Amino acid sequence: MTPHDVLKLCVSNLVSYLPSAASLSSVSSVSGLLSSLLSQLPAPSLPSVLLSLLLTLPPSLLLLLRFLLPPPVLPLSLDDPLSSGSHHCVVTGGSSGIGLEIAKALAGRPGVRVVTILARDGGRLESARREVEAAGRAAGRKVGESSSSSPSSSSPSSSSPSSSSPSSSSPSSPPSSAGGLLVNPVSADLCDYPALSAAASAACAAHGAPSLLFNVAGFAKAAPLLAAPMELFRSMSDTNYLGTVAATKAFLPAMLEAGGPRRVLLTSSCAGQIGLHGYSAYSASKFALRGFAEALSLELVGTGAELTVA
């Protein structure tokens, strides 16, 4: 029996249970229609009831336990790649909100050497830099000097002739910062791709290719379609969707050239999975990220780089 035959059988069985036109004329409400439908269904037999319980009870109990019991706590070092190593992490939208909180969390990971926070507002970036550095100090990290300096200049061995070798600025061979933390604020507009690309190249040359790229920059504003100006759709698409594409395109070449495990993270939303009333512009920009991620993940097969949508 083909799937088409199964569908036809299901439809025919459903139609056979529908009340006749005469009985429908006496139905005045939805509850009345349901009662009429249920009255024409055959009485369930004991075996069918037992089978239904057997199929539905175990998963229902497991789902209930999932919410009642606390999740198991595992040592972070078991699968935490940032517990060791010398990683450069980039966070777009890192001057406020989710981006800033991610940057502060990264500052506490012992394997993170440089945290680059990228945003437009220079004043907010400076304030964010101080917050990220404070988070690093609170975690016992040794915070480096001004992030505008190169790693070699902040390294204890910067006075040695070998520290100026060409390999020290290569994206694939970033210089060590002796276990310290360097916070690197970069002022750039995601909607200005030439300037963004130049800033990304400078950050990779100075601190190495990113191990992790967090695309967090974005904003949301509720407005029904008929009340929303076209500029809202344009600006939200430019920032939430095209800004993510631009940042990924700017940093990904250095990440692929460096090789090894690399990851690009895209920040979506529940509105990127289901449409929400009054959020037509925002939902569209987040739905676009999902399509972009599915296509890009196929392009990255075999490169060592992976992609995550959160």
Side-chain angles (χ1 to χ4, degrees), residues 76 79-83 85-121 124-125 128-129 131-133 135-136 139 141 147 171 174 181-191 193 196-197 199-204 206-220 239-256 258 260-269 272 285-286 288-290 292-293 296-297 300 303-310:
L76 192 60
D79 57 355
D80 179 21
L82 301 181
S83 61
S86 182
H87 299 282
H88 175 200
C89 300
V90 176
V91 185
T92 71
S95 64
S96 62
I98 297 175
L100 176 57
E101 294 304 314
I102 290 176
K104 290 161 65 175
L106 291 171
R109 306 307 305 140
V112 175
R113 174 179 52 86
V114 179
V115 177
T116 292
I117 50 176
L118 192 148
R120 290 179 299 180
D121 191 317
R124 296 175 70 177
L125 267 174
R129 180 187 66 81
E131 288 191 47
V132 177
E133 289 182 344
R141 302 294 306 279
S147 58
L181 170 69
L182 196 64
V183 182
N184 176 40
V186 175
S187 179
D189 188 348
L190 297 181
C191 299
Y193 181 73
L196 174 64
S197 180
S201 298
C204 292
H207 307 296
S211 300
L212 291 167
L213 169 61
F214 293 84
N215 286 291
V216 187
F219 74 100
T239 302
N240 296 354
Y241 171 55
L242 292 178
T244 296
V245 173
T248 303
K249 186 176 177 62
F251 283 98
L252 189 58
M255 298 171 72
L256 297 180
R262 310 277 164 173
R263 185 173 293 274
V264 177
L265 297 101
L266 312 183
T267 305
S268 184
S269 165
S285 67
K286 292 300 185 178
L289 284 180
R290 181 176 175 179
F292 171 67
L296 181 58
S297 63
L300 295 178
T303 65
E306 297 181 342
L307 188 142
T308 298
V309 182

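Remember, predicted model here, so these are calculated numbers, not experimental data.
Closest approach of Val115 and Ala103 over heavy atoms only: CG1-CB, 4.0 Å. A pairwise comparison of heavy atoms in Ala247 and Asn215 identifies CB-OD1, 3.2 Å as the closest pair. Taking all atoms of both residues into account, the shortest heavy-atom contact from Ala254 to Cys204 is CB-SG, 3.7 Å. The shortest non-hydrogen separation linking Val90 to Pro210 is CG2-CG, 3.6 Å. For Val216 against Gly99, the heavy-atom pair with the smallest separation is CG1-N, 3.5 Å. Across all non-hydrogen atoms, the minimal contact from Gly218 to Thr239 is CA-CG2, 3.8 Å.
Using a 4.5 Å heavy-atom threshold, the side chains of Leu100 and Val132 count as touching. The side-chain heavy atoms of Arg290 and Ser268, taken from C-beta on, include no pair separated by under 4.5 Å. Proximity of Leu182 to Arg113: side-chain heavy atoms (C-beta onward) are nowhere separated by under 4.5 Å. In this structure, Val309 and Leu289 have side chains that are not in contact, with every pair of non-hydrogen atoms separated by 4.5 Å or more. No side-chain heavy atom of Lys286 sits under 4.5 Å from any side-chain heavy atom of Tyr241. In this structure, the side chains of Thr308 and Leu266 stay at 4.5 Å or more apart for every pair of heavy atoms. For the pair Leu252/Val264, a side-chain contact is recorded, criterion being any heavy-atom separation below 4.5 Å from C-beta on. Annotation: side chain of Thr244 is in contact with side chain of Thr248 (closest heavy-atom distance under 4.5 Å).
At a threshold of 4.0 Å, the pair Lys104-Glu131 counts as salt-bridged, since one of the basic side-chain nitrogens sits closer than that to a carboxylate oxygen.
Between the CG atom of Asn240 and the OG1 atom of Thr267 there is a distance of 10.0 Å, given to the nearest 0.5 Å. If you take CD1 on Ile117 and SG on Cys89, they are separated by 13.0 Å, rounding to the nearest 0.5 Å. With values rounded to the nearest 0.5 angstrom, Arg109 atom CZ is found 11.5 Å from Leu212 atom CG. Summarising the geometry, atom CZ belonging to Arg120 is positioned 8.0 Å from atom CG belonging to Leu190; distances are rounded to the nearest 0.5 Å. Annotation: the span from His88 atom NE2 to Leu106 atom CG amounts to 10.5 Å, rounded to 0.5 Å.
Partner of Leu196 under the side-chain contact (heavy atoms from CB on, under 4.5 Å) criterion, out of Asp189, Leu118, Thr92: Leu118 alone.
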task: Dump the intermediate steps for side chain to side chain contact (heavy atoms under 4.5 Å, CB included) on Ile98 and Phe214, then the final yes or no.
output: CA-CA 10 Å; Ile98 297 175; Phe214 293 84; over 6 Å; no
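Looking only at atom types and distance, the side chain of Ser96 has a donor-acceptor partner in the side chain of Arg124 under 3.5 Å away. Between Thr116 and His207, the side chains place no donor N or O within less than 3.5 Å of an acceptor N or O (distance only, hydrogens not considered).
Side-chain N or O atoms of Arg129 include none that pairs as donor or acceptor with a backbone N or O of Ser95 at under 3.5 Å. Counting only distance, with no hydrogens or angles, the side chain of Ser201 and the backbone of Ser197 share a donor-acceptor pair below 3.5 Å. Although no hydrogens or angles enter the test, the distance criterion places no donor-acceptor pair under 3.5 Å between the side chain of His87 and the main chain of Ser211.
Dense packing is recorded around CZ of Arg263, with more than 12 heavy atoms of other residues, nucleotides or ligands lying under 6.0 Å away.
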